[in-house]
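Take a look at the following structure, please.
All of these numbers come straight from a predicted model, not from anything done at the bench.
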Amino acid sequence: MLEITRIRNDFDNVVKALKKRGLSGIEKKLNDLIASDNLRKSQKTEIDKIFNESNNLSKKIGIAYKSGETGEIESLKNKSQELKEKSKKIAGSLKNTESEINEILLALPNTPDNRVPEGKSDKDNKVIHTSDSSEVNKDLKPHWDLIKEFNIIDFETGNTITGAGFPLYTGDGAILQRALINYFLDFAREEGYTEVQPPILINEISALNTGNLPDKEGQMYKIENENLYLIPTAEVPVTNIYNKKIIESNLLPIKNAAYTPCFRKEAGSWGSHVRGLNRLHQFDKVEIVQIQSKNDSEDALNGMCDHVQKLIESLEIPFRKILLCAGDLGFTSSITYDFEVYAPGQDRWLECSSVSNFLTYQSNRMNLKIKDGKSKELAHTLNGSALALPRILASIIENNQGENSITIPKVLHKYTGFKMISR
RNA sequence: AGAGGAGUGGCAGAGUGGUCGAAUGCGGCGGUCUUGAAAACCGUUGUACCGCAAGGUACCGGGGGUUCGAAUCCCUCCUCCUCUGCCA
């Protein structure tokens, strides 16, 4: 979440940045926040004074007992008792004030970077780069037809096992899936990422730390009795590796990569445009996460974008890179680049990666710091998909379809063991 | 899952009601000595909040309680270890 000192010191810019997201009443909200924080400070000072007094009294009582001068003990006790009553009242108010502050802070999204374009929806996103792609061939089929014809993904059986959005990958389809995962992980390792295998169930605190709660409550599957959530992305468990950690600056950058399945309810986001692999409740993804210092996080962001771009290019599918506008920007992010691959069978761009810099937004919730000599400061956290599988798969299938086969990108051959999928 | 045991500073480990934020050892940092290093010796070494500062407050797994006073007593939750059970 946003740092309250920053809101105080850089008020106008914070307001301006949050307004960019289309939030209304921000000025008042932030003024209320500062007022509450002032109240908090005075309450804290008040209660500290009382504690100080009663601590002194207790010491006196202790000394009196030891020395046997028990005469004034009773009156000291009474005095202390009075202070206690008083402190209870103030402690209650202080607690209220603190939870008010917390509530406001939790509900505030990150401030968009200056480079983030104004805008309300994905229509206002800025295309930064588009790879050369061949013109649309009207005869190309969408992947939902091809996967049936080539018998590589079975949605119907997935429906009976679980429900809509839980596909069953079969035969060469399953192998291709595994090949992509292994390729992505190997690629990340070559780029200096340490592979981790995190839990795919997370508790409330972890979800809160990365900002998935309270913002995305309705989007995550919850195990009610256990108070656990299925991860919507590996970002949550992998970033939370560093919860409450203080990292020596010479250990930077921290670079982790993880493959996990991801689970999303996608409530309300179904429609005719989301067929086949375009949107699922369960999908596979390799995620890269970095922890960086303030000064180096921008370079890290660029490095992660390069990583994603190289990966897509190596698969030889058309893609474009997009800078998200303020209205489309994720709650916790300050700047996000999306990568979309082209699916010619449906003449549609499909998002397959999102690379973001969260600055201190997550580290402030986690209390994740970097220590350089004596000084400590909040870390910057970043992450990106590298890559989300289903839409990559869709794009590969649609781009590489032939009359009787689907060609597998060269870089995957050593992982699949075959060069094409035949009928 | 049942029974028993345990959770203290970076680590190890004392402390079972009163100046305990906490002995001691190791590690870390600074220094003396040395051509340099090691050893030895001296000093220093947790986090957060309030305060311009002096200083104050909170924190001994988390939360709650008893008490004038809690690391220490009580309740509860979590985690770990041992044994039994079950399973991959």
* Nearest to the side chain of A:Ser58, which nucleotide is it out of B:C50, B:G18, B:A58? -> B:G18
* When you compare B:G62 with B:A53, how far apart are their P atoms, in angstrom units rounded to a whole number? -> 29 Å
* Is the distance from OP1 or OP2 of B:A48 to the nearest side-chain N or O of A:Lys369 less than 4.0 Å? -> yes
* To do: Using atom NZ of A:Lys49 as one end and atom C1' of B:C49 as the other, report the distance to the nearest whole Å.
  => 16 Å
* **Base partner of B:A37, which must satisfy Watson-Crick or wobble distances under 3.5 Å** => none
* **Proximity to the side chain of A:Lys376 - top-ranked nucleotide from B:C68, B:U19, B:U47** => B:U47
* Neighbour count above 12 (heavy atom, 6.0 Å) for A:Lys222 NZ -> yes
* Length of the CD1-C1' vector between A:Ile205 and B:G63, whole Å -> 12 Å
* To do: Please check the phosphate of B:U67 (OP1 and OP2 only) for any side-chain N or O of A:Lys77 closer than 4.0 Å.
  => no
* Asked: Can a side chain N or O of A:Asn52 be found less than 4.0 Å away from OP1 or OP2 on B:G56?
  -> no
* Structure fact -> Closest to the side chain of A:Ile246, out of B:U47, B:U19, B:C50, is B:U47
* Can you tell me if the side-chain N/O atoms of A:Arg40 get under 4.0 Å from OP1 or OP2 in B:C49? -> no
* Asked: What distance, rounded to whole Å, do you find between the two C1' atoms, one in B:G25 and one in B:A54?
  -> 35 Å
* Could you measure between the two P atoms, the one in B:C41 and the one in B:G9, and give it in whole Å? => 27 Å
* Atom CG of A:Asn203 to atom C1' of B:G62: distance rounded to whole Å? -> 13 Å
* Of the non-hydrogen atoms in A:Lys141 and A:Glu398, which two are nearest, and what is the gap between them? -> O-CG, 3.7 Å
* A:Ile61 near the nucleic acid: base, sugar-phosphate alone, or nothing, with a heavy-atom cut-off under 4.0 Å? -> base
* To do: Provide the distance between the two P atoms, one in B:U24 and one in B:G43, to the nearest whole Å.
  => 11 Å
* Asked: So what's B:G7 paired with, Watson-Crick or G-U wobble, going by both distances under 3.5 Å?
  -> B:C78
* Can you tell me the pairing partner of B:U66 across any strand shown, Watson-Crick or G-U wobble, with both distances under 3.5 angstrom? => none
* Asked: Using atom P of each nucleotide, how far apart are B:G27 and B:C11 to the nearest Å?
  -> 16 Å
* To do: Assign each of A:Lys88 and A:Asn367 to its nearest nucleotide of RNA chain B by heavy atoms, then name whichever residue's nucleotide is nearer the 5' end.
  => A:Asn367
* Structure fact -> Taking a pair to mean Watson-Crick or G-U wobble geometry with both distances below 3.5 Å, B:A22 pairs with none
* To do: Once you apply the 3.5 Å cut-off to both distances, tell me the Watson-Crick or G-U wobble partner of B:G43, or none.
  => B:C29
* Asked: Between A:Glu340 and A:Arg391, is the closest basic N to carboxylate O distance under 4.0 Å?
  -> no
* Please state the P separation for the pair B:C59 and B:U72 - nearest whole angstrom. => 10 Å
* Reckon A:Lys41 touches a base, only the sugar-phosphate, or nothing at all at heavy-atom distances under 4.0 Å? -> sugar-phosphate
* Heavy atoms only: give me the nearest A:Leu2-A:Leu105 pair and the separation to one decimal. => O-CD2, 3.7 Å
* **Evaluation steps, side-chain contact (heavy atoms from CB on, under 4.5 Å), between A:Gln401 and A:Phe150** => CA-CA 10 Å; A:Gln401 59 182 287; A:Phe150 287 88; 5.9 Å; no
* Asked: B:G64 phosphate, OP1 or OP2: any side-chain N/O from A:Lys95 under 4.0 angstrom?
  -> yes
* Rounded distance in Å between the P positions of B:G4 and B:C74 -> 15 Å
* Ion pair present between A:Lys29 and A:Asp32, side-chain N to carboxylate O less than 4.0 angstrom? -> no
* Looking for any heavy atom pair under 4.0 Å, which part of the strands does A:Lys245 touch: base, sugar-phosphate only, or nothing? -> nothing
* Is the charged tip of A:Arg264 near the ring of A:Tyr221: under 6.0 Å from the six-membered ring centre and within 45° of its axis? -> no
* Listed nucleotide nearest any side-chain atom of A:Lys44, set B:C49, B:C68, B:U47 -> B:C49
* Asked: Does A:Asn55 place a side-chain N or O at less than 4.0 Å from the phosphate oxygens OP1/OP2 of B:A58?
  -> yes
* Structure fact -> Re B:C52: Watson-Crick or G-U wobble partner, both distances kept under 3.5 Å, found to be none
* **Span that lies between the C1' atom of B:G21 and that of B:A71, in whole angstrom** => 10 Å
* Between B:C50 (C1') and A:Glu98 (CD): distance, integer Å -> 12 Å
